[in-house]
Each structure stands twice: as structure tokens, then as C-alpha cells.
> 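Have a look at this one.
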Amino acid sequence: MKKLTQLLTATALTAAAAAPAMAETWDMPMAYSASNFHSATGAEFAQCVTTGTGGEIEIKTHASGSLFKGADIKRAVQTGQAPIGERLLSGHQNENALFGFDSIPFLATSFDDSDKLWKAAKPSMEKLLAEQNLTLLYAVPWPPQGLYFKNEVTSVADMKGIKFRSYNNATSRLAELTGMLPVTIEAAEISQAFATGVADSMVSSGSTGYDRKVWESLNYFYEVDAWLPRNYVFVNSDVWGGTSEANQNVIRGCAELAEYAGNWRSKEYTGFTLQGLRDGGMNVGPASDQMVGELKAIGDTMTAEWLENAGEEGQAIVDAFKAMQ
Ligand code: PCA
């Protein structure tokens, strides 16, 4: 296999030397709608690469899960069906608990802390991804996660039996521990799910609620600030290895800019989208003290469970994060 890869690389190099640089198109599947700030950042990143490589690599983004659905994007990039993609990192928690480092309730609840936690976890993430033939390019947090409901909720007891849209293992577990009924649905499909009563609640950012106009079905958003999960952009490592050093440098530079711009947008969007939910007619505000206290107790349980599943490496991430406080 290695020989074959070497041969293919050598052939590609010969071809590249013999002919003027061939323009390549990299299709980039993304799970979230084009109007979302992650998708806007991804589109700018794509443009930066296309311009910076003088058109040698043209990245074409495909938002809303239109090329591959969210749950299929990582596999598509791993297997070379797509050279590059974006996905919610904690979506891979079902393969390895470590991927869920950013969805531990109440561990990192602000942008500053999310940044520190990312610094603590990044080497482990790069290593895990590299083992899967993937090269990490950049990652951007979603705004803080709060709880959406159709009806008013003031305690965990009020949540019992409510159908809850989840997006990773941690959110499904949160539903179980609060007595709700989890159903996993991609953000691109939630407007439909809420409209048809498949779900009546979720945990997510103001950004996703705003983006999907959830006020058409839901009425309450409680600002719990439970965690800030990340999206990340990654490239197939064979494709990356076959990219010229000059173009790799351009891509790395564009990725740094995208990470910076994405972080900035995420912060700006926090207040803007919460106001958007209000303008749409939703009640937006902090959760009751009782609800916060009960959720924190559930957070403790989930933290303990995560540490058990993520082992020493998980503990090392949390310790490194705490050392930065
Ligand atoms: N939006 C994404 C993940 C976290 C968020 O704020 C979603 O709901 O799918």
C-alpha cells in the first residue's frame, strides 16, 4: 500500500513538473446552512486558498449537508471521497470519548475558557485525527449553549418526558439525566423537526436557533452557558502530503485567519442572535436558580462519566486546562 502511495505521489510529481501547475478543485462538505457564521467563515477560507494559491487549489464549499450529511463528513474525508471538510468535533464522541472534551457541562463556559481548553486539548486532537488519516486545519467555537423549550421550564422536573433534539453523545446523555427523550437530528433539519413535533426542545447556541428561525415553533431560550462546542476543518492527510509546501503554507495562513475571524464572529453573534430570538418573539433570559443548581449537579455526573471514559489523556486535558486558570 505504501509503495502504491509512493508510486502515485511520484507520478503526480512528475506530471506536475512536466506540465504547468494543474488547477485542482477541492470540494468541501459542511453540515450547517450557508447563512451560519461557520459556513461564512469557511467560504472566506475557501476564497483565501483559491486566491492565495493563484487558483492552483480551488476550494468549493457545500453547505447544509448538501454534499455529505454531517454524520458522514469525517468518513468521506478519511476515505478520500472529499479532500477537505468541516464537522462538529464532539460529533465523534461516539468513537472516542476524548472528542467530547468540549461538551463537558460547566467546565469551560466563556470564550476565554473555551480558548484555554482548546489549547489544552489540541495536541490530543491532532494526534487522534492523524491516526485517522486526517490533518487538522482550524477550529472555531459555537457561542455558549443554552436550553430551548416550547413551554416554560423552571426546574429539571418540568423537563420530564419532553422530546429533545440532541447533536452528540453528551447532549443525548443530558436528555437522559433530565428525564427527556433524546432524538439526534442535524441542525440543517431542525426547523422541520420542531414544526412537526418530532422534538420540542434542544440545547444549542443562540446562533443555531436564530439561523433555523426556531421561534416559529419554540418559545423559551434559557441562557445556561453550559459549554462551547467546536467545529473544525480538516483535510485528508494523503491529499495534504501531496500538496506543495508553498500551497500548504498558504492554506495554513488562511486557516489561521479563518480561526481568528470565526472566533470574532462567534463572540459578536452571541448577543446579536439572542436579540434576534427576542425579535422573533421568544422569551430569552437566564434559567432559574433552581434549574441552574440542578443542571450543575447533572454536569458533575457527566464530568465524572467523561473522565472515566476518556482515561488518563482526558484527565491530562482537564488538568492542563485548570493549570491555565
Ligand atoms: N449549534 C450546533 C452545535 C452547537 C451549536 O450551537 C447544533 O445545534 O447542531
Side-chain angles (χ1 to χ4, degrees), residues 29-42 63-66 68-74 85-94 99-111 114 117-118 139-149 163-175 180 182-194 198-218 221-233 262-263 265-274 276-277 282 284 302:
M30 308 181 86
Y32 296 91
S33 64
S35 60
N36 183 268
F37 75 94
H38 285 290
S39 305
T41 303
S64 293
S66 56
F68 290 97
K69 296 230 173 282
D72 300 328
I73 291 177
K74 175 157 155 287
E86 185 200 50
R87 176 67 178 143
L88 181 75
L89 190 54
S90 59
H92 314 319
Q93 207 180 348
N94 52 350
F99 281 121
F101 78 90
D102 66 13
S103 301
I104 301 172
F106 307 111
L107 177 64
T109 61
S110 65
F111 280 98
S114 154
L117 184 58
W118 174 236
V140 171
W142 289 90
Q145 304 292 289
L147 282 161
Y148 286 87
F149 291 101
K163 285 176 266 173
F164 179 89
R165 173 261 167 171
S166 60
Y167 62 70
N168 63 12
N169 276 20
T171 51
S172 298
R173 185 68 183 134
L174 178 73
M180 294 194 277
V183 43
T184 302
I185 303 167
E186 285 293 323
E189 278 139 32
I190 57 176
S191 312
Q192 173 95 352
F194 291 136
V198 170
D200 293 319
S201 65
M202 68 171 171
V203 63
S204 193
S205 57
S207 166
T208 288
Y210 176 78
D211 212 41
R212 310 315 302 149
K213 299 189 172 62
V214 301
W215 55 81
E216 288 172 359
S217 308
L218 306 180
F221 180 75
Y222 297 104
E223 295 168 67
V224 178
D225 294 352
W227 64 82
L228 290 80
R230 265 165 205 266
N231 275 10
Y232 74 114
V233 170
N263 266 280
R265 278 200 176 101
S266 193
K267 285 178 203 167
E268 287 294 303
Y269 249 51
T270 304
F272 172 80
T273 55
L274 292 186
L277 296 179
M282 292 188 76
V284 176
M302 288 177 63

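Note that ligands are numbered from 1 as they come in the structure, with each ligand's atoms numbered from 1 the same way.
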> Start with the C-alpha distance between R230 and S90, add both sets of side-chain angles, then the distance that settles side-chain hydrogen bond (donor to acceptor under 3.5 Å, both in side chains), and finish with yes or no.
CA-CA 7 Å; R230 265 165 205 266; S90 59; over 6 Å; no
> Short list, please: which atoms of ligand 1 are under 4.0 Å from a heavy atom of A187?
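Reading through ligand 1 atom by atom, the close ones are 9 (O).
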> Judged by atom type as modelled, is there a donor-acceptor pair below 3.5 Å linking the side chain of T171 to the main-chain atoms of Y167?
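Here the side-chain-to-backbone pair exists.
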> List ligand 1 atoms under 4.0 Å from P229, heavy atoms only on the residue side.
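Close to P229: 4 (C).
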> Test your reading of the model: is there a side-chain donor-acceptor pair from S217 to the backbone of V214, 3.5 Å cut-off?
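It does not hold such a pair.
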> If we set the cut-off at 4.0 Å for heavy atoms, which region of E186 has an atom near ligand 1: side chain, backbone, both, or neither?
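Within the 4.0 Å criterion, E186 makes no contact with ligand 1.
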> Counting only N and O atoms by type, is there a donor-acceptor contact under 3.5 Å from the side chain of Y148 to the main-chain atoms of S205?
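Checked: pair present.
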> Between ligand 1 and R165, can you find any atom pair, the residue atom being a heavy atom, that is separated by under 4.0 Å?
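A heavy atom of R165 does come that close to ligand 1.
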> Looking only at protein heavy atoms, which one is nearest to atom 1 (N) of ligand 1, and what is the separation?
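Looking at atom 1 (N) of ligand 1, the protein heavy atom closest to it is T208 OG1, 2.7 Å.
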> Does H38 have its ring centroid less than 6.0 Å away from the ring centroid of Y269?
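Centroid distance H38-Y269: not below 6.0 Å, so no.
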> Which atoms of ligand 1 are found less than 4.0 Å from any heavy atom of Q145?
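Under 4.0 Å from Q145, ligand 1 has these atoms: 4 (C), 5 (C), 6 (O).
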> Among all the protein's non-hydrogen atoms, which is closest to atom 6 (O) of ligand 1, and how far away is it?
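For this ligand atom, the closest protein heavy atom is S205 OG, 2.6 Å.
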